[in-house]
Amino acid sequence: MKKCIIICDSFKGTLSSIDICDIARASVPSFFPDCQVVTVPVADGGEGTVECFIRAIGAEPVTVSVSGPYGEAVTATYARKGEQAIIEMAAAAGLPMVGERKNPEETTTYGVGQLIAHAINEGCTQILLGLGGSATNDGGCGCAVALGVEFFDASGNAFTPVGATLGNIARIDDKKAKALLKGISISVMCDVENPLCGPMGAAPVFGPQKGADAEMVARLDAGLHHMAQVIASDLQVKIENVPGAGAAGGMGGGCMAFLGAQLKQGIECILDTVQFDALLEGADLVITGEGRIDSQSVNGKVISGIAKRTSARRIPLVAIVGSIADDAGAGYDLGVTAMFSIDRPAQDFREYTDKNALYYQRTLEDVLRLIKAL
């Protein structure tokens, strides 16, 4: 084997994608000393996305002070390479940042807008924004205000809407934001298809994990519905039923309406950014994986995006995963060559969290032994 690519998602809560790449970089040469090992850590747009891009494409980390979920000063980092900036909203509005103070009626995405504004002021013309792990349900209004969008209530007073005050929006003016964003391309990594409102909308589906009870969910959903109506009237953009608009507390729809952004599958953005097609040239094997492979893995997730590109070039794709679900067989139809689980003992994965790195290494080496013997 002359060239092997390891491009893997994290095993949530146990192994980061960077950990996995480090294990592979150390193990493969033991069996194939002359093999070129290419490692590409990836994340789904949430926490850890920036760190992965810094490693994967040699991007420069840029650290700035911005507003956190409750307006407090926080330090956040985005990645920059050339004119492109990679930003994760979790760095300024992430759920882990609020601890036990979960309240999606009060949290804001203002700091996310500050990160985007900083990147633009530094000369970036391409923004890749990862949605995921947010503590917010403000429809992206806070982010929009930081970039120049103005919201007014019925009395003509400007304000920054949060989840609790979305229903107070009477008028929206985006002229200043349009001027700032002229010539700027914004792509949003969005892997959910939830609409903005309704039973499968942002508030009912994601609100409870952010601290919303049933009554708050109803208020938040009504607020997002109202916001969408004003957007349709003032900005001539219809977002209410767009798949993905409900991502990250309505941030998906807000990015479309206020920033002119395009919602894209996260893995496709990742593969294009790391120039995966070029990396595949001369590759004998690609190793991928995630914490659990199931039917969802073949529907727009990391493994599915990789499989489509490797199968088109007839390059073997091995998935090393935490566990394999009964419905994971669809992965073979998509182009996965073989699947291996690192789950060795018959026990719950939470009981061997501290051994996951060792088990991953052993499973990888079993695969390498087989390939070497062929």
Side-chain angles (χ1 to χ4, degrees), residues 1-43 52 55-56 267 276 279-280 282-298 301-311 313-374:
M1 184 165 62
K2 296 181 179 180
K3 183 178 180 180
C4 176
I5 299 173
I6 293 86
I7 176 167
C8 190
D9 202 352
S10 65
F11 289 18
K12 293 281 192 265
T14 57
L15 279 177
S16 73
S17 54
I18 291 176
D19 292 335
I20 290 168
C21 286
D22 288 344
I23 292 170
R25 187 171 288 282
S27 296
V28 175
S30 299
F31 297 87
F32 299 93
D34 299 324
C35 180
Q36 177 188 359
V37 182
V38 179
T39 56
V40 185
V42 298
C52 285
R55 283 282 295 267
I267 185 57
F276 187 63
L279 292 178
L280 285 175
D284 300 299
L285 174 69
V286 176
I287 297 175
T288 187
E290 58 187 22
R292 174 181 172 84
I293 187 168
D294 53 27
S295 59
Q296 292 186 8
S297 302
V298 300
K301 300 297 183 181
V302 169
I303 290 177
S304 68
I306 294 168
K308 290 175 184 177
R309 302 198 187 199
T310 54
S311 61
R313 293 165 177 77
R314 297 187 177 181
I315 299 172
L317 176 65
V318 170
I320 298 178
V321 300
S323 62
I324 302 173
D326 289 341
D327 58 1
Y332 294 123
D333 297 330
L334 198 62
V336 177
T337 306
M339 304 177 196
F340 298 87
S341 168
I342 71 168
D343 188 356
R344 293 190 168 223
Q347 61 187 105
D348 189 283
F349 81 93
R350 286 165 291 198
E351 297 179 18
Y352 63 83
T353 295
D354 59 332
K355 294 183 179 179
N356 256 356
L358 175 62
Y359 290 165
Y360 183 90
Q361 180 182 1
R362 287 178 177 174
T363 305
L364 171 62
E365 290 182 357
D366 283 343
V367 174
L368 296 172
R369 290 177 199 277
L370 175 61
I371 295 171
K372 188 176 181 180
L374 297 177

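Looking at Ser27, its side chain never comes within 3.5 Å of a backbone N or O of Ala24 through a donor-acceptor pair. In terms of modelled atom types and a separation under 3.5 Å, the side chain of Thr288 and the main chain of Cys8 share no donor-acceptor contact. Under a 3.5 Å cut-off, the side chain of Lys3 and the backbone N or O of Val38 do not form any donor-acceptor pair. The backbone N or O of Asp9 lies less than 3.5 Å from no partner atom in the side chain of Ser17, so there is not a single donor-acceptor pair.
Nearest approach of Ile315 to Ala283, heavy atoms of both residues: CG2-O, 3.9 Å. Summarising the geometry of Tyr360 relative to Ile342, their closest heavy-atom pair is CA-CG2, 3.7 Å, with the distance given to 0.1 Å. Taking all atoms of both residues into account, the shortest heavy-atom contact from Ile287 to Cys4 is CD1-SG, 4.0 Å. Taking both residues in full, the closest heavy atoms of Phe276 and Ile306 are given as CZ-CG2, 4.0 Å, listed atom of the first, atom of the second, then distance. Here the shortest heavy-atom pairing between Ile293 and Ala328 reads O-CB, 3.5 Å. Closest heavy-atom contact between Met1 and Leu368: CE-CD2, 4.1 Å.
In this structure the side chain of Phe340 never reaches within 4.5 angstrom of the side chain of Asp366, judged on heavy atoms. Taking 4.5 Å as the limit, some side-chain heavy atom of Phe32 sits within range of a side-chain heavy atom of Ile371. At least one side-chain heavy atom of Ile303 sits less than 4.5 Å from a side-chain heavy atom of Glu290. Within the 4.5 Å cutoff, the side chain of Ile20 has heavy atoms near those of the Phe11 side chain.
With sequence neighbours excluded, the residues forming a salt bridge (Lys or Arg N to Asp or Glu O under 4.0 Å) with Arg292 are Asp294, listed by chain and number. Applying the side chain to side chain donor-acceptor pair (under 3.5 Å) criterion to Asp22, with sequence neighbours excluded, gives Arg55.
Here CG of Asp34 is found 10.0 Å from NZ of Lys2. Values are rounded to the nearest 0.5 Å.
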